[in-house]
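Just below is one structure, and these are the notes that go with it.
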2 protein chains.
Amino acid sequence: MNLKTLAEALGLSQTTVSRALNGYPEVSEATRKRVEEAALRFGYRPNSRAKGLATGRAMLIGQVIPTSTQHEMVNPVFGDFVAGASQNLARHGYDMLLTRVPGDDEGKVYREFRARGAVDGVIIQAPDVKDERIALLNRIGLPFIVHGRSTGVEEPYSWIDVNNTQAFRRATEFLLQLGHRRIALINGLERMDFAFRRRKGYLQALETAGIGPDPQLMCTDEMTEQFGHHKTRYMLSLDDPPTAFLCSSMLSAVGIRRALQEAGLTMGRDVSVIIHDDDLSYLRNGDDIPLFTATRSSVRHAGELLADALMQLINAPDHPPITRLLEAQLVVGSSTGPAPLRAARLPS
Amino acid sequence: MNLKTLAEALGLSQTTVSRALNGYPEVSEATRKRVEEAALRFGYRPNSRAKGLATGRAMLIGQVIPTSTQHEMVNPVFGDFVAGASQNLARHGYDMLLTRVPGDDEGKVYREFRARGAVDGVIIQAPDVKDERIALLNRIGLPFIVHGRSTGVEEPYSWIDVNNTQAFRRATEFLLQLGHRRIALINGLERMDFAFRRRKGYLQALETAGIGPDPQLMCTDEMTEQFGHHKTRYMLSLDDPPTAFLCSSMLSAVGIRRALQEAGLTMGRDVSVIIHDDDLSYLRNGDDIPLFTATRSSVRHAGELLADALMQLINAPDHPPITRLLEAQLVVGSSTGPAPLRAARLPS
DNA sequence: AATCCGTTTCAAAGCGCTTTGAGGCATGCC
DNA sequence: GGCATGCCTCAAAGCGCTTTGAAACGGATT
């Protein structure tokens, strides 16, 4: 069933039917009603590609599946983010187009998106400290918004980010107030902007407290459970082990907890832990009382906001860049407590 | 830059240019080379929608974001599955179209997909024991493949599934051989086919061993960390507590571990645990030695297989249904051991 | 020279929609 | 009666591609 057939069945022209269905005012209410009824009865829906060709819109937002480039890992926040984003895209009649980059040339995908008119805009995930995708997208003129920011990029662009520096500064200060002096940082890959900023916040707090950073207490990698486990074991075996851990991910913190358990240590008493909590639906940080003290910011909510912002950018081509800084909450759970008089230490 | 402009620039007709780029034999090698070069130089790529309109293909595979209907949860396997699937779709020039269902009428989405010609096929996730989507898709004639199966559906359809019954039967037998008699099942939502089959396998093994099932030892819900934690605490406080847990998800098993830790019990000694491991990239079950004894089957690999199969179905419209049963490996980790002489029990 | 054939190229139709510019038809006003 | 005014509807162009059926061309065959 296409427009032509429907129009014939109704004894109307294609124009009138099209106008009726698209809410144009030139159609009488009676006609519109009749057309809508028939469309429903025949199960008519305009062909996406034909409509897109005529309107010049794809009604699709592109996103490259963010894999950690080191290994072939799928970012665990991906699911929740996409759920949030597509929920709000759907309100505007948009769907999400997902693509995986063969090799590492993400730029090529964006150029193709543009040349083929495959999508009306894109969302950029996990930007690097100096992310090249931003300049590329600005240059080729494909509407986009960044989930996060890129410290090293000067030119204007739209972004929505969590105040990572502030979050980790506060978290560190919180630990300092509890008397901790040896605070470890279990961070994500620091070529990524969010991890870079978190370290910055951590270092700022230490510096303000007059504590020099210890390279042995700082590590950075993909945020798996194993990573948290390995590093915790290792750091606890140092001569001067940390009494607290600041950890960029819930998942790695599960590894920390495992290591502490193996060492017979109690979290919140022998060792304190603060995490960043993306509020993932299947990885909740406790129900009422948080398991971990955490800097919390829902990545799903971020997805919703990014979708709305991108819709704005697409609908108003000359819209100035949209930027928005979200503050993470510091929620106190049972994983933190006063620094012990003597640090727990594992035999190395 | 579109076909017309490119053709004019080359002094050729659109036909010839189109044929040259699409590898038709009617074009001389010299011409083809010249055309390809120019296309590259001008950055020409055929417009997706125009091409789609002309060919009748969307070059998109639809997928509805699988949210657990009870709550608004995003399935944790989603990311890895999509990564696997889109990798192989990309090989055929296909992308993935993601959509979120407002409300609960997933059928409406498929009807729309069909009527709008928005996608060339769909992948169905997490089928119910009697899943209505299958009949619908067969009826409307939208090519599809199911990730999993639906016990209650008689009509033919394409699917790729893990042998869940077998996996959980073997896992249960393994525990029985270790002397466990009180084995708990921490299962996913049993309206879903995979969870239904897992319970079936578990029950079969118990029955063969002459052990009657105890409803107190069986529970089913969304597989969060909390769920595993709650249920473990509860079951350990029973008069006759389990000595082993069979758990449908790594995530819930993390909760089991937490509960055991709080109870001062050692996994693999006081209590045994077997999980099903989807081999998620950010939630690996140990490196070399598995953390948990597990029935393992990579969901990402399943995604790759489903993508390939769906491509076959789309390219050969009268292809008979493709079905494939994957066997899960039983990998032995350190979370299982002989049943203790006296079961550990928590005060209730 | 005429015919045939294979190779290469082309003009034009068609995919299903939106949108432009125009026309038909009551109605109201001079 | 004539004409402007709204309201409603329409035919046709155009979006950018593929594909059909035909034509032009050069070389080989008669």
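In what follows, every chain begins at residue 1, and chains take the letters A, B, ... in the order their sequences are listed. Being a predicted model, the structure only gives us computed values, none of them experimental.
For the OP1/OP2 pair of D:dC15 and a distance below 4.0 Å, the side-chain nitrogens and oxygens of B:Asn47 include no atom meeting the criterion. Listed pair B:Tyr24 / D:dT19 meets the phosphate criterion, a side-chain N or O lying under 4.0 Å from OP1 or OP2.
When distances are taken from the side chain of B:Ser13 to each of C:dA11, C:dT8, C:dC17, the shortest belongs to C:dA11. Side-chain proximity of B:Leu53 to the nucleotides C:dT18, D:dT18, C:dC15 is greatest for C:dC15. For A:Thr55, whose side chain is taken as the heavy atoms from C-beta onward, the closest listed nucleotide among C:dT18, D:dT18, C:dC17 is C:dT18. Listed nucleotides D:dT9, D:dT19, C:dC17 differ in distance to A:Glu26; the shortest reach to its side chain belongs to D:dT9. Closest to the side chain of B:Ser18, from the set C:dC10, D:dT18, D:dC17, is D:dT18. Side-chain atoms of B:Thr16 lie closest to C:dT9 of the nucleotides D:dT9, C:dT9, D:dC17.
At a threshold of 4.0 angstrom between heavy atoms, the contacts of A:Arg19 include nucleobase atoms, whether or not backbone atoms are also involved.
Summarising the geometry, the separation between CZ on A:Arg57 and P on D:dG16 is reported as 16 Å, rounded to the nearest angstrom. When rounded to the nearest whole Å, the span between NZ of A:Lys4 and P of D:dC10 equals 15 Å. Rounded to whole angstrom, the span from the CE atom of B:Met59 across to the P atom of D:dT18 amounts to 12 Å. Rounded to whole angstrom, the span from the CG atom of B:Leu21 across to the P atom of D:dG16 amounts to 17 Å. Put simply, CG on B:Asn22 is 13 Å from P on D:dT20, counting in whole angstrom units. One atom, CZ of B:Arg49, and another, P of C:dT18, lie 13 Å apart when rounded to the nearest Å. In this entry the distance linking CG of B:Leu3 with P of C:dA12 reads 16 Å, nearest Å. Computed from coordinates, the A:Gln14 CD to C:dG21 P distance equals 19 Å when rounded to whole Å.
Annotation for A:Leu280 and A:Val77: closest pair CD2-CA, 4.0 Å, computed over non-hydrogen atoms.
A donor-acceptor contact under 3.5 angstrom links the side-chain atoms of A:Thr15 to the base of C:dT19.
Under the 3.5 Å distance criterion, with hydrogens and angles disregarded, no donor-acceptor pair is assigned to the side chains of A:Thr15 and A:Ser18. In this model, no donor atom of one side chain and acceptor atom of the other lie less than 3.5 Å apart for A:Arg100 and B:Ser86. Between the side chains of B:Asp193 and B:Ser150, no donor-acceptor pair is found at a separation under 3.5 Å.
With the nearest nucleotide of DNA chain D identified for both B:Lys51 and A:Ala54, A:Ala54 has the one nearer the 5' end. Each of B:Ala50 and B:Val27 was matched to the nucleotide of DNA chain C holding its nearest heavy atom; the match closer to the 5' end belongs to B:Val27.
Salt bridge A:Asp161/A:Arg149: present, at least one basic N to carboxylate O contact under 4.0 Å.
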